[in-house]
Amino acid sequence: MNRYRVNQIMTGILNGVTLLVVLFIAAFILYLLASGMTAINWRFLTTSSEVGLGIRDQLFNSLYLLLLTQLISLPIALGAAMALTLYVDKRSKFASFAQGLIQILSSLPSIIVGLFGFLILVLKFNLGFSIISGALALTFFNLPILTQSIAVSLQGVPDEVMQSGLALGISKWHTITKIILPEAMPGIWSGIVISAGRVFGEAATLIYTAGQSAPTLDYTNWNPLNPASPLNIFRPAETLAVHIWKVNTESLGQDAATVSRGTIVILILVVLLFNLVARYFSTTMRKKVGR
Amino acid sequence: MANKQQQTEITTRHVNVYYGAKQALFDVNLAFPKYQLTALIGPSGCGKSTFLRCLNRGNDLLGHTRVSGEFQFEGRDIYDQAVNVMQLRSQVGMVYQQPTPFPFSIFDNVSFSQRMSGEKNPHKLAAIVEKSLRQAAIWDEVKDNLQQSALALSGGQQQRVCLASVLAANPKVILLDEPTSALDPVATAKVEETLQQLKANYTIIMVTHNMQQASRISDQVAFFLDGKLIEFNATKKIFLHPQEQMTSDYLNGKFG
Ligand SMILES: Nc1ncnc2c1ncn2[C@@H]1O[C@H](COP(=O)(O)OP(=O)(O)OP(=O)(O)O)[C@@H](O)[C@H]1O
Ligand SMILES: [Mg+2]
């Protein structure tokens, strides 16, 4: 058999395997969407779980937790990634130690992060089952992923860019903030959005930190200190992903199955949306930067 | 004019450079006359770029390098603790082999150093941009598209925009590391012409692998081999009557 023939056959096999995986995933997602679509209606989206078996509050909780988590993690991750890629000597022991640590953290099972958060935040710091406990635990989960993706985007900017900035007599800080960060921005944005997708779908970290109950919220109450206010960060907050878990473990019969499937659809749609946005950032914005 | 030519802009003595344990330059002594173009030649890896980087403290950025020796620029020691490195680098500008414009418009690229040092007056900035682009012989090609991204230009145009960016910082010395090696003959000729005009106001030090180029536009040539300076002389003398056997072997293509 000549090598061209072998090449043809191997290409065929690899294409076949890829097609199989794609078909499998597409079928899986379509099945979930199709089986849950019937559960979704206006009432499902706009009532609380206690009153109308809806997911209004869970949806809000998920988005609010995501926002808080990113607000806390982003400055830290950006700082750490900048330090690791632009300030610390890449060949130093410290750099490889920090890289290793981040790698380990990013592969830590999320249930462990959740239990750690329960012990430290909920019990030790007495924050209780609350949004702030959940957001801090999610920050632990999120930081390594976000730091790594920002570091990769920063490394993607050629070293020569930094050199020629400095060679013009421009300070390192200005070179970084005016040239390197803008150039890495598309990558940083898509990193943020992809990590948002993972945070949004996270359940294990939150079960023992943000809690499993969703007290009905009063969306006219904007006083962050009031327990019924959606903005209150010291109230327990069940998210979509935790809701799916809870509904299935507490099993309320026919209704439970419908609620669970409907919630799954919403969760998947939001995560898909995040991924589309990330793709938009990495293609359209990269074209604008043009390198 | 004659008086001008006797001044030296940069003097270096006993330059040794180490990358970790590896020594890249051995006891180099060179003096660069003001308003002249000096070419650094020699086979790949002989230390030309290393030497050039010493002159604007570019080696500081690499982390694991050690530089020793004396470096005098206008009577000041380049490596003195008290030297403001940012100011030094704007006075001793560097153009790299690969053009590296920044990811924004031509205007913003060329005005960048001035804006970063606090210049806000749009008329002044526009004047500086025009002057620098004219000096770099690219004004006519880009004057109608100053808001266009510099990354959309051809390699030769990018190289001249980078040169304009360096000029806008008001340097006294311009260092160029193989500025034309990525360019076609037409663009190369343009850059060479530009450099010859710039000589009237700037001291230029250029690394090149192109012997014709060195003989066409330089006033002095320094020939490096394995980290050592072998010969330094007027361009005519180097090409017509090299003093060292190694220089003549290199120029005759016997090695490198
Ligand atoms: N950043 C660095 N780290 C370690 N060694 C280096 C570094 N840069 C250069 N060297 C070494 O120093 C020596 C001189 O390199 P240099 O780049 O100065 O040569 P060059 O004359 O500019 O060569 P070329 O014509 O190929 O550009 C080489 O042996 C090279 O391997
Ligand atoms: Mg070189």
Side-chain angles (χ1 to χ4, degrees), chain A residues 82-99 150-190 281-291, chain B residues 20 49 52-53 55-64 84-105 108-118 148-153 158-159 161-171 174-177:
Chain A
M82 278 168 60
L84 278 178
T85 54
L86 305 171
Y87 282 96
V88 176
D89 183 359
K90 278 166 213 150
R91 288 165 297 257
S92 69
K93 286 222 173 68
F94 175 75
S96 64
F97 174 73
Q99 288 284 358
I150 295 178
V152 167
S153 324
L154 290 175
Q155 275 157 357
V157 180
D159 284 346
E160 289 78 18
V161 174
M162 173 79 111
Q163 274 178 28
S164 42
L166 295 175
L168 277 177
I170 291 157
S171 68
K172 188 164 184 178
W173 178 245
H174 273 154
T175 306
I176 289 174
T177 52
K178 305 282 173 177
I179 308 174
I180 301 202
L181 280 184
E183 191 157 341
M185 216 30 116
I188 294 179
W189 271 114
S190 64
F281 278 126
S282 60
T283 51
T284 318
M285 279 183 56
R286 199 149 293 174
K287 253 184 236 144
K288 235 166 85 189
V289 173
R291 221 188 277 268
Chain B
S49 301
L52 208 61
R53 278 199 298 267
L55 303 179
N56 73 344
R57 292 187 53 170
N59 287 321
D60 291 13
L61 310 173
L62 300 177
H64 59 302
N84 176 343
V85 183
M86 279 155 56
Q87 193 190 354
L88 169 77
R89 292 203 181 115
S90 64
Q91 292 183 347
V92 183
M94 170 84 108
V95 175
Y96 291 93
Q97 177 174 13
Q98 280 299 324
T100 45
F102 304 130
F104 28 72
S105 73
D108 288 348
N109 262 277
V110 179
S111 60
F112 194 62
S113 59
Q114 289 294 333
R115 286 187 289 126
M116 289 303 111
S117 48
Q148 187 193 358
S149 166
L151 297 170
L153 297 170
Q158 287 187 4
Q159 191 62 290
V161 166
C162 287
L163 178 58
S165 304
V166 168
L167 291 172
N170 254 328
I174 305 170
L175 311 174
L176 303 113
D177 197 347

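Lettering of chains follows the sequences in order, A, B, ..., and the numbering in each one begins at 1. We use all heavy atoms of the structure for the numbers below, so side chains are in, but hydrogens, waters and symmetry mates are not.
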Open item on the list: To the closest 0.5 Å, what do you measure between NE2 (His174(A)) and OG (Ser113(B))?
Closed with: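 Answer for the NE2-OG pair, His174(A) versus Ser113(B), is 12.5 Å.
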Open item on the list: Please report the interatomic distance CD(Glu160(A)) to CD(Gln97(B)), rounded to the nearest 0.5 Å.
Closed with: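 Reported value, rounded in 0.5 Å steps: 9.5 Å.
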Using side-chain heavy atoms (C-beta onward) and a distance below 4.5 Å, is [X] in contact with [Y]?
X         : Y         : answer
Thr100(B) : Pro158(A) : no
Tyr96(B)  : Gln163(A) : yes
Arg89(B)  : Leu166(A) : yes

Open item on the list: Go through it in stages, so that I can follow the logic: the residues are Phe112(B) and Lys178(A), the test is side chain to side chain contact (heavy atoms under 4.5 Å, CB included), and I'd like the CA-CA distance, side-chain angles, deciding distance and then a yes or no.
Closed with: CA-CA 10 Å; Phe112(B) 194 62; Lys178(A) 305 282 173 177; 3.7 Å; yes
Heavy atoms only: give me the nearest [X]-[Y] pair and the separation to one decimal.
X         : Y         : answer
Leu168(A) : Ser90(B)  : O-CB, 3.7 Å
Phe102(B) : Ser164(A) : CE2-OG, 3.9 Å
Asn56(B)  : Ala167(A) : ND2-CB, 4.1 Å

Open item on the list: Around atom CZ of Phe94(A), are there more than 12 heavy atoms from other residues, nucleotides or ligands closer than 6.0 Å?
Closed with: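 It does not: Phe94(A) CZ has 12 such atoms or fewer within range.
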Task: All salt bridge (Lys or Arg N to Asp or Glu O under 4.0 Å) counterparts of Arg57(B), not counting sequence neighbours - done: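 With sequence neighbours excluded, Arg57(B) shows a salt bridge (Lys or Arg N to Asp or Glu O under 4.0 Å) to Asp60(B), given in chain and number order.
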- [ ] Mind ranking Gln91(B), Met116(B), Met94(B) by heavy-atom pairs under 4.5 Å with chain A and telling me who comes out on top?
- [x]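 Most pairs with chain A among the choices: Met116(B).
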